[in-house]
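The next block holds one structure in the form of structure tokens; read it before the comments.
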Amino acid sequence: MRLSRYFLPILKEDPKEAEIVSHRLMLRAGMIRQQSAGIYSWLPLGKRVLDKVNAIIREEQNRAGAQEIMMPTIQSADLWIESGRYNDYGQEMLRIKDRHDRALLYGPTNEEMVTDIFRSHVRSYRDLPLNLYHLQWKFRDEVRPRFGVMRSREFLMKDAYSFDLDYEGARAAYNRMFVAYLRTFSRFGLQPIPMRAETGPIGGDLSHEFIVLADTGESAVYCDRTLLDLPIPGEDTDFMGDLSPIIEAWTGAYAATDDMHDAAAFEDVPQDRRVSARGIEIGHIFYFGTKYSAPMRALVANQEGEMVPVHMGSYGIGPTRVVAAIIEASHDDAGIIWPKSVAPFDLGVVNLKPGDERTDEIAEGLVVRLERAGVEVLYDDVDQRAGAKFATMDLIGLPTQVVVGPRGAAAGEVEVKDRATGAKETLSLDEAVNRLVHEKG
RNA sequence: CGGGGCAUAGCGCAGUCUGGUAGCGCACCUGCUUUGGGAGCAGGGGGUCGCAGGUUCGAAUCCUGCUGCCCCGACCA
């Protein structure tokens, strides 16, 4: 992609409304635009990151046996009246009337709807376990949206919903999502810490929040340092097998958010292992049993032929929030530093002197070779001074920058710079291509 | 929802107190020079001053009402 043709409205100055670093950098890097309080458009650069995040989520959900569906944003109030939540949910629910004066709502979550889908198609325990997930926009009419997409009113949400015959089955489903979450967040370059959580309005009695530590986190969190060193379950994890040893390892040490904190229990953690920090919640998983299946009569026949309500769980990740969390965890004074897995482009090629025959030839040849090899390249062919180009590249945070200047071009050399470390290396064209294609691989 | 604040060009701001034909920096367009860390000079384009009323010969400025947005707190993925 040529930068001269790319819609990247970067800002040199800090927008005054942005208080936290991720919000500021997302606006400055031209990733998002606020349309209304807590409602954002995603511009090309931001959209690319969001797509990468979603792709990883899908891979790991599918790996864990979940199946993707898509449910509407607009729901009928009827289902919510049935579950009893229409009155309970309160002002956060955006309620709408259609032209026939029928009560609709913009979905804040989808337990009722997925339960309806389930009950209308599944009759037997033989069809279980089942896990359906979707990625969809949700709306919660927060009293005070803030921090950009970290706490917006409209936000993208991946929600998975599991259906099992009994508690044991549901527990296994919960464990599968638990492991999938560890893998997912790890692939974002984040270090997830599962913490026991309150179940809130979703209900239920088994719940974990996945927290990443960040100075700007919304809540105080406390945990045992050993959790920071646990190995992430590998790609070869057998999701059909017994995952409980993994879960036990990850839930054995102390970890709690502010509202669940037990100061006395925390005292039992050796002093040098106590971590007291701030955290961002990027995922939340619940087991809630028959809370919805019972009132909504989502019943299946068990082996004895009795109709029993299914045991359910729900498992959320907010991709839009995740993008902000990644920036909170990975940036410096110059801008964003994307982990390779979610970077909007693999690398940027900076042509320091567009219009110079030799420099253009080297830079464009490099771009073509890299793109043919499947590398995603943002090619800065804009006629600007070097300083401005470097500042832009640093701001948007592509993991690697390849600088092609007239001096190096004459010698057939380019400079490869690592955004995170700042390390620069001068390489021949062929060396650079080999290296960069290999790193992408 | 309690408390505080802001609204003037794409962005950041001055002008409002004390009414008199709307300004600065960045960005944008043209030209020349410049060219390895956000260039310089010259010229140029762009604003119903959030909206609606009112006062006045005259309102960005004074008065009334409304709307939007931000910050602190309570609440939340």
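Below, chain A is the first sequence line, B the second, and so on; all start at residue 1. Model, not experiment: these values are computed from the prediction.
- Comparing B/G38, B/C70, B/G36 by their closest approach to the side chain of A/A37 singles out B/C70.
- Comparing B/G37, B/U35, B/A74 by their nearest atom to the side chain of A/D394 picks out B/G37.
- Partner A/K389 forms a side-chain hydrogen bond (donor to acceptor under 3.5 Å, both in side chains) with one of A/D383, A/D380, A/N351 and no other, that one being A/D380.
- Between A/T320 and A/R146, it is A/R146 whose nearest contact on RNA chain B lies nearer the 5' terminus.
- Contact between the side-chain N/O atoms of A/S36 and the OP1/OP2 oxygens of B/G68 is not found at any separation under 4.0 Å.
- Taking every side-chain heavy atom of A/V403 into account, B/G36 is the closest of B/C11, B/C69, B/G36.
- In this structure, of B/C76, B/G36, B/G38, it is B/C76 that holds the atom nearest to the side chain of A/E218.
- Side-chain polar atoms of A/Q136 and A/D159 form no donor-acceptor pair below 3.5 angstrom.
- One finds the NE2 atom of A/H331 at 8.0 Å from the CD1 atom of A/I337 (value rounded to the nearest 0.5 Å).
- Contact annotation: side chain of A/K417 to base of B/G37, donor-acceptor pair present below 3.5 Å.
- One atom, CZ of A/R151, and another, P of B/C69, lie 16 Å apart when rounded to the nearest Å.
- Side-chain atoms of A/E415 and base atoms of B/G36 include a donor and an acceptor less than 3.5 Å apart.
- Across B/G73, B/C69, B/G38, the shortest atom-to-atom separation from the side chain of A/Q34 is found for B/C69.
- Side-chain proximity of A/E17 to the nucleotides B/C70, B/C11, B/C76 is greatest for B/C70.
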Verdict with reasoning, A/E413 to A/T426, per side chain to side chain donor-acceptor pair (under 3.5 Å): CA-CA 7 Å; A/E413 290 175 341; A/T426 300; 5.5 Å; no
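- Remark: A/R140 is not in phosphate contact with B/C75, judged by side-chain N or O atoms under 4.0 Å from OP1 or OP2.
- Contact between the side-chain N/O atoms of A/R385 and the OP1/OP2 oxygens of B/G38 is not found at any separation under 4.0 Å.
- Taking only side-chain atoms of A/I10, from C-beta outward, the nucleotide of B/G25, B/C75, B/G38 with the closest atom is B/G38.
- Side chain of A/R140 to backbone of A/P108: a donor-acceptor contact under 3.5 angstrom is found.
- For A/R28 and B/C11, a side-chain-to-base donor-acceptor distance below 3.5 Å is absent, hydrogens and geometry of angles not being considered.
- Taking side-chain N and O atoms only, A/K12 has no distance below 4.0 Å to OP1 or OP2 of B/C26.
- Candidate nucleotides B/C75, B/C13, B/G36 were compared by shortest atom distance to the side chain of A/R407, and B/G36 ranks first.
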